[in-house]
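Throughout, numbering of the chain's residues begins at 1 and tracks the sequence.
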Amino acid sequence: MSVIANLDEFILEETEHGIFLTLTADDDQTMRVKVTLDDLEEIMDVIDEVFGVEVEAANDEEAE
């Protein structure tokens with residue numbers, strides 16, 4: 001198992017070979033993994049758990 005510390009960006013792309021998630025750390029370390037739709041659902045659940053409150057608050061500010 002690899003670890004990407006200090007996540008700088010992530011890119012989600014769909015190709016003819018599947019769906020890929022590319023993660024890049026602020027030290028330019030990169031990991032590219034093939035994911036399924038089920039994987040994406042789990043990833044989104046984790047993102048929502050970790051960042052959901054902040055994202056909702058930011059969305060509320062934009063709506064005003």
Side-chain angles (χ1 to χ4, degrees):
M1 175 182 248
S2 296
V3 175
I4 295 282
N6 300 318
L7 181 63
D8 187 41
E9 72 175 350
F10 65 92
I11 300 168
L12 186 62
E13 62 184 320
E14 185 175 10
T15 71
E16 62 187 37
H17 302 289
I19 301 169
F20 292 88
L21 179 62
T22 303
L23 307 166
T24 304
D26 59 5
D27 64 358
D28 292 330
Q29 177 186 2
T30 299
M31 179 188 327
R32 186 171 191 238
V33 293
K34 186 174 183 179
V35 295
T36 66
L37 292 177
D38 289 338
D39 294 335
L40 290 177
E41 185 176 327
E42 288 184 41
I43 291 166
M44 292 306 297
D45 287 345
V46 170
I47 289 171
D48 188 42
E49 281 182 34
V50 174
F51 299 107
V53 173
E54 293 176 17
V55 170
E56 289 173 7
N59 288 339
D60 290 344
E61 289 175 10
E62 290 177 8
E64 293 175 0

Inset, instruction - Quick one: which residue pairs count as a side chain to side chain donor-acceptor pair (under 3.5 Å) with a foot in residues 31-45, not counting sequence neighbours? - result: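 Found E13-R32, T36-D39.
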Inset, instruction - State whether the number of non-hydrogen atoms from other residues, nucleotides or ligands found under 6.0 Å of F20 atom CZ is greater than 12. - result: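 Yes, CZ of F20 has more than 12 neighbouring heavy atoms, counting only those of other groups under 6.0 Å.
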Legend entry - I11: side-chain contact (heavy atoms from CB on, under 4.5 Å) partners, not counting sequence neighbours: E9, T22
Legend entry - Where D8 and D26 come nearest, the two heavy atoms and their spacing: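 Heavy atoms of D8 and D26 come nearest at CB-N, 3.6 Å.
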